[in-house]
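Right, one structure below, let's go through it.
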Amino acid sequence: MSAERRLSLNTMTTKRLTLREAVEAAAAAGLEAIGPWRDRVAEVGLDIASKLVHDNGLRVSSLCRGGFLTGYDEDAALVDNRRAIEEAATLGTRELVLVVGGVPDRDLAAARQRVVQRLEKLVPYAVDHGVRLALEPLHPVFCADRAVISTIGLALALAAPYPAEAVGVVVDTFHVWWDPQLAEGIAAAGEQDRISSYQVCDWLVPMAADPLVSRGMMGDGVIDFGAITAMVRAAGYDGDVEVEIFNEEVWATDPDVVIDTMKQRYRDLVAPSLTAG
């Protein structure tokens, strides 16, 4: 698949748009893929969401998100994640992104162990539905409240007991660019055929007061997209590339302008390293 065809709009980047509006905007911009968030799907209902995407000729690159497995209520976590697996299957995507959850107390080791235990219960259900659980490492600043997985290496260790078609990992530039072992982690993920998704956006300097909404458009921060994309390409990943941006200014901008800018920055900063020899 050509680099141009691999660009996918994650619906968080155009947060103010409904699912219908995001799908139609993506199709009008010539994109071939979209990565919906579950809240957008829920607004119209799963069946209508699936029809909207496919009637507009798009594929679903991934579904965001399941996870939050570290809390004390195991039953609630399993019920929600099984529902997310069913949604991914109905939407026709293999990849369900999991943000595994933070630390509900002061016991980080116990929180990570709950992820292990709950993955064991979810993997068979995911396999039965043809869905892969895509573990997403988040930057360590989010360890306490969002993800006790901070590196690709740790994600791979959690995935190791399962086949590659059952559990994969997400490479999100915002979250992993800082890792001194990034090249080794991406290479290992590629060797194991576990790269589920490649997501891109930039790390802004200075950061916003809330780190969650401090993601920037590619080229507006410090990340070397050429270098990381080359690692992902060398690892054998040939799937979609999602642009996922949490940023109040981006959300307030005309979505057509956001998509046009996204396409140009992708062409300039990401696509060349997808096709370089």
Side-chain angles (χ1 to χ4, degrees), residues 3-4 6-44 49 52-53 56 58 60-65 97 99 136-139 141-142 145-147 170-178 197-226 228-229 232 240-274:
E4 187 74 16
R6 294 170 66 179
L7 177 59
S8 176
L9 173 68
N10 184 288
T11 60
M12 189 57 71
T13 302
T14 51
K15 186 179 180 181
R16 68 195 251 190
L17 297 184
T18 65
L19 182 66
R20 179 182 295 276
E21 291 168 339
V23 165
E24 292 177 350
L31 304 184
E32 297 187 11
I34 194 164
W37 272 63
R38 293 177 66 201
D39 59 345
R40 288 290 174 265
V41 172
E43 287 172 357
V44 297
L52 272 174
V53 170
N56 279 274
L58 301 179
V60 177
S61 49
S62 74
L63 178 65
C64 291
R65 57 175 164 63
V97 175
V99 174
E136 181 171 15
L138 267 57
H139 189 281
V141 73
F142 300 107
D145 62 342
R146 291 185 178 273
V170 177
V171 179
D172 183 325
T173 56
F174 178 82
H175 291 301
V176 303
W177 70 274
W178 61 274
S197 176
Y198 182 39
Q199 296 181 334
V200 295
C201 68
D202 219 333
W203 183 280
L204 300 178
V205 177
M207 294 186 70
D210 180 357
L212 183 63
V213 293
S214 194
R215 299 183 181 210
M217 187 66 71
M218 298 83 74
D220 287 348
V222 301
I223 293 177
D224 185 343
F225 292 96
I228 298 177
T229 302
V232 172
D240 292 313
V241 181
E242 287 187 20
V243 177
E244 183 187 50
I245 299 174
F246 293 62
N247 184 297
E248 299 283 357
E249 291 184 9
V250 172
W251 292 339
T253 300
D254 182 330
D256 289 335
V257 173
V258 171
I259 293 173
D260 285 344
T261 304
M262 176 187 83
K263 289 171 60 180
Q264 190 59 54
R265 300 289 182 87
Y266 173 81
R267 291 190 193 105
D268 292 344
L269 301 172
V270 180
S273 293
L274 288 173

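Quick caveat: nothing in here was measured; it's all calculated off a predicted structure. One-based numbering along the sequence shown.
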Practice task
Using a strict 4.0 Å threshold on nitrogen-to-oxygen distance, state whether Glu4 and Arg267 make a salt bridge.
Solution key: yes

Problem - Lys/Arg-Asp/Glu bridge criterion (N-O < 4.0 Å) met for Glu244, Arg215 - result: yes

Problem - Sidechain-backbone polar pair: Arg40 side chain, Lys15 backbone, donor-acceptor under 3.5 Å - result: yes

Handout entry: Side-chain heavy-atom pair Cys64, Gln199 within 4.5 angstrom cut-off
Key = yes

Handout entry: Asp172 vs Glu136 side-chain heavy atoms within contact, under 4.5 Å
Key = yes

Completion exercise
Closest heavy-atom pair, Ala49 versus Val41, reported as atoms and distance to 0.1 Å, is CB-CG1, 3.8 Å

Practice task
Side-chain contact test, heavy atoms from C-beta onward, threshold under 4.5 Å: evaluate it for Leu31 versus Met262 and give yes or no.
Solution key: yes

Completion exercise
Closest non-hydrogen atoms of Pro36 and Leu19, given as atom of the first, atom of the second and distance, are CB-CD1, 4.1 Å

Handout entry: Polar contact flag, side-chain donor to acceptor under 3.5 angstrom, Ser273-Thr229
Key = no

Problem - Any donor-acceptor N/O pair, Ser8 side chain to Glu242 backbone, under 3.5 Å - result: no

Handout entry: pair Thr173-Tyr198: side-chain heavy atoms closer than 4.5 Å
Key = yes

Practice task
Check whether any side-chain heavy atom of His175 lies under 4.5 Å from a side-chain heavy atom of Val170, and answer yes or no.
Solution key: no

Problem - Heavy-atom side-chain proximity of Trp203 to His139 below 4.5 angstrom - result: yes

Handout entry: Nearest-0.5 Å distance that lies between atom CD1 in Ile223 and atom CE in Met218
Key = 10.5 Å

Problem - Shortest non-hydrogen contact from Val23 toward Leu52 - result: CG1-O, 3.6 Å

Practice task
Kindly compute the distance separating CG (Leu138) from CG (Asp145), expressed to the nearest 0.5 Å.
Solution key: 9.0 Å

Problem - Backbone N/O of Trp37 and side chain of Thr11: donor-acceptor pair under 3.5 Å - result: yes

Practice task
Kindly assign one of parallel, tilted or perpendicular to the pair Trp251 and Phe246, based on the angle between their ring planes and the thresholds 30° and 60°.
Solution key: tilted

Problem - Side-chain donor or acceptor of Thr13 paired with backbone N/O of Ile245 under 3.5 Å - result: yes

Handout entry: Validation row: Tyr266, Leu274 side chains within 4.5 angstrom (heavy atoms)
Key = yes

Problem - Working for side chain to side chain donor-acceptor pair (under 3.5 Å), residues Thr18 and Glu43 - result: CA-CA 8 Å; Thr18 65; Glu43 287 172 357; 5.9 Å; no

Handout entry: Separation of Leu269 CG from Ile228 CD1 (nearest 0.5 Å)
Key = 12.0 Å

Handout entry: Polar side-chain atom of Arg265 near backbone of Cys201 as donor-acceptor pair, under 3.5 Å
Key = no

Problem - Under 3.5 Å donor-acceptor, Arg38 side chain and Leu63 backbone - result: no

Handout entry: Side-chain donor or acceptor of Asp202 paired with backbone N/O of Asp220 under 3.5 Å
Key = yes

Exercise for the section: Taking Asn247 for its side chain and Glu249 for its backbone only, find out whether a donor-acceptor pair lies under 3.5 Å. Expected result: yes

Exercise for the section: Check Glu21 against Leu17 and note the closest heavy-atom contact, atom names and distance. Expected result: OE1-CA, 3.4 Å

Handout entry: Contact summary for Leu9 and Ala22, nearest pair of heavy atoms
Key = CD2-O, 4.1 Å

Problem - 4.5 Å side-chain heavy-atom contact, Val99 and Phe142 - result: no

